[in-house]
Amino acid sequence: MNDEQARELPKAYDAGSVEAGIYTRWLAADVFAPDGAGSRADPAKPPFVIIQPPPNITGALHLGHAQRTTVEDAMTRHARMTGRSTLYLPGKDHASIAAQYVLDQILAGEGESRQSLGRERYLERMHAFMAETRPFMTGQLERVGASLDWGRERFTMDDGSALAVRTAFKRLFDDGLAYRAEALVNWCPTCRTSISDLETIATPETGTLWTIRYHLVDEAGQPEPAAWISVATTRPETILGDTAVAVHPEDDRYRSLVGRTVRIPFVERDVPIIADDVVERAFGTGAVKITPAHDLDDFETGKRHGLAQITVLDDEARVNEAGGPYVGLDRYEARQRIVADLDALGDLEGARPHDMIVGRCQRSNDVVEPRLKTQWFIRTKPLAAKAMASVREGRVEILPARFEKVFFHWLENIRDWNVSRQLWWGHRIPAWTCPDGHVTVSDRIAGPEACGTCGRPAAELTQDPDIFDTWFSSGLWPFSALGWPERTADLARYYPGTVMETGYDILFFWIARMMMLGEWLTGVAPFETVYLSGLVKDPYGKKMSKTKGTGVDPLTTIAEIGADALRFALVHGIAPGADVKLGQAKLDGARNFSNKRWHAARLVLGARPPEVPPNAEASLPAATDLGPAERWILGRCAATIEAVSRAHGAYQLGDVTRLLYEAVWNEFCDWYLELAKARLADPATTPAAKAATWRTLAWVLERYVRLLHPVMPFITESIWARLPHEPGDPDLLIVAGWPSPDRERALADPATEAAVESLLGLVRAIRNARAEAGLEASATLEADLVLPDPGVRAAYDELAEPLGRLARLKPVRSHAGLETLPASVAALVVISPAGEARLSRGSGDREREHARLERELADAHRRLAAADERLADPAFAARAPAAVVEAARLRRAELAAQVATLTSRLADDLGGEPTT
RNA sequence: GGGCGAUUGGCUCAGUCGGUUAGAGCGCACGGUUCACAUCCGUGAGGUCACUGGUUCGAAUCCAGUAUCGCCCACCA
């Protein structure tokens, strides 16, 4: 489409205009879908399926999402270029409790509430809200460049997910893994729902430990004013629900009291003193009040002793009618009143500060109340066993591996999963109860036709009003998004997935549950590899947070530096499981790299010599037309292709960007572009050599464009459109092939590479010496080079012009050995492994230069002494591998030569006037 | 209470299987206006690899312990 346009790139790099239209072209070409019209995938290769956590429908994406998306997208793009069909399926999560929490806040601002609207209107409002956020999030993903298969987009509340949820639940119920029971659950009084253990955050707090007296009851049933047992509690309001006092069975202090009865104040209930070894004798008074309906430990103790369970708080954590005189009071008000009343009775023995752990709701931060409720639970032990086995047996790999231990620890100690939520936004639990209390679970959308136990007709059944924990449907995602339980073609081809990418913060919430449910329901682990991303932190290492103003909309950053630079910054230096700090410096660096990339391409495109026709296809030059620099860069290019491919294979994106940054900036731009420019400009260069030089430039540029595409898709696609290609290459880079290093390798040559490296080292040494000696930077100096190695000298002869330019030397006379040097030459001396350079001194400072050589000599002496010491140790020669010893010997010889040369040069007439 | 991770120049981080002189970016200093790029180019300074001990011919790297920071898990009133 751009054939008519000039091949030159605009002078300034403007990310916005570079990116414009490219996403649309990808969409139009239908290249995102694994089976899209533009796909060039090889059906014989195994597909690559990435699984992403569907983001919450109600939120906007932040930089953390952008990072995950970049990681997922880069993996997907790499796989696509290797010819695999790739599935990167977009989704949104209905996020039941999180969404309700957000919507409730909005409603509160309008003076409305969940209750004031009622279930139906509330859900209508939720849909309206989603209709606003959804397109915004989709737009964000497009701007970031995510190559998502939009045709397969799914939502965890769509009909397919609903069917999956019903089917999964029925299967679990039929398998005896879902059960309904009355048990203590974590209750959030603010959210008015139960929550899972994971959503209950253990928070350290300093509370108060009160010591209070319960009076013993005598044989006549009267409390004894002078006889009591003291108990310690942090929750005096639960006194109202006490049904026993427990002591340790071997506690001599209380042995005689076991079996007696005490009276609970205010509710005037007589309860037994029991013995149970759950009691810690050293804590408090060694006697503990037992409130089975409001404490997990007490619940267990109560069951062991057959105690009554008396609930004294309601859904809003207010004292209920069981609470006698305190009915209607909030739990904290009741606590204060009870403490005061006990004090008035003389039964408050003491109060002291006490450090403890309080469970708080992940959403509302309210203190979670253990409450007795009849709810649905998933029996997790059998599921956990399967999930653990899949990792132990190597069917699932977790990256980084250290998270395996965390994963096992959690699953080994897992408790049953309460999946009932008393919320409205979510999947309704497909369980129906008949008037006789029989429960029927059905996967039919209309519900069961009749009670499964007594046959009462559907009309007499009532559905459970509760909905599922949002993570229940999320746990089905890898297969429900592909059509399960239907036996769809997608499910057959793309399940199980290849890589599951997400942050380590939802290892338990999501990954563990997907594995538990996936193994049980589909018989296989839902993915092969779990790639755990680190979290994106602000420059101070804090979590990005919208409330603190550190949460950034990716679109803002994209507007500033472009999507490519943002993506680069987000993955540069990352490793699985490691958090990254993202600050302005990193963003600037990425922007600069994009800029560098752009201008390098401009140079190459603009440098095409007339020998190469404008529409020529790309090809590697003939070996005979290559100069040493071309062989060198082709060798480096091959090495980069290999290293980057390896890094992708290991999912080490941080290495990918590091390798490419170095290859593009330090090798290609800093050295090869300069060498190639000079060769192209040199009138002595033959037309064939000029063509070969440019073809090398274009070729290597093109390889690096391919290699960079997964991370920086827009700028590379844009450059690709202007580059020459080989026959068979597609119009769009996104579906071009991932390079293999073979052809570059065939043209490279290690000896030439080494020779060029050492010449570049010589240039560096000369620049260094000139700067150190205080020579005028722009002055061009005459020079004599002594290059003893014939290979290096041969390479030099071909590169004399460009190297002279880089070191600012002219004219340069090269010599095979010192003896061929004119005796009159007396100048700045530069010694490097490649050889020796003597420059006319120009306007430099002789004393500074002398001092420089002295320093170098002292340095060489020190190193030589260290090398000698090492070699002198007989144990080293005896025990170290031969290769290491040999290397040390060579090193020692090199140092000795350097010392000799430096000594000799210093002894020469360096102090004399230049004679050249 | 249990577990995990980190500690390398002023800052942010690489560092492979233990093996030449521990690297990079940013920042800093000095110097650069020729036709890709000042979002640039060149040069340099700057490190007791947290500490202690051990293993080894040899330790930033392996082992043990300590310290500091961060994170995860945890039903003792």
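Residue numbers start from 1 in every chain, and the chains themselves are labelled A, B, ... in the order their sequence lines are given, proteins ahead of strands.
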A:Arg591, nearest nucleotide to its side chain (from B:U39, B:G19, B:A36): B:U39
Kindly point out which of B:U39, B:C37, B:G19 is positioned nearest to the side chain of A:Asn592? B:U39
Once base and sugar-phosphate atoms are separated, protein heavy atoms under 4.0 Å mark nucleotides 68-77 of chain B, 5' to 3', with B, S and - as -----SBBBB
B:G9 versus B:U61 - spacing of their P atoms, nearest Å: 15 Å
Whenever both distances are under 3.5 Å in a Watson-Crick or G-U wobble pair, mark it; put RNA chain B into dot-bracket that way, with [ ] for crossing pairs and | when the partner is on another strand. (((((((..((((.....[...)))).(((((.......))))).....(((((..]....))))))))))))....
Side chain to side chain contact (heavy atoms under 4.5 Å, CB included) partners of A:Thr780, counting only residues at least two apart: A:Lys810
Close N or O pairs between protein and nucleotides 42-46 of chain B (under 3.5 Å):
from	atom 1	to	atom 2	distance (Å)
B:G42	O3'	A:Arg767	NH1	3.4
B:G44	OP1	A:Asn768	ND2	3.0

Can you give each donor-acceptor pair under 3.5 Å made by side-chain atoms of residues 646-655 of chain A, sequence neighbours left out, with the distance rounded to 0.1 Å?
from	atom 1	to	atom 2	distance (Å)
A:Asp655	OD1	A:Arg658	NH2	3.2

With sequence neighbours excluded, what pairs up with A:Arg213 under the salt bridge (Lys or Arg N to Asp or Glu O under 4.0 Å) test? A:Glu349
Is the phosphate of B:C13, meaning OP1 or OP2, less than 4.0 Å from a side-chain N or O of A:Lys581? yes
OP1, OP2 of B:C37 versus side-chain N and O of A:Lys596: anything below 4.0 Å? no
Taking the basic N atoms (NZ, or NE/NH1/NH2) and the acidic carboxylate oxygens, is any pair closer than 4.0 Å for A:Glu674 and A:Arg679? no
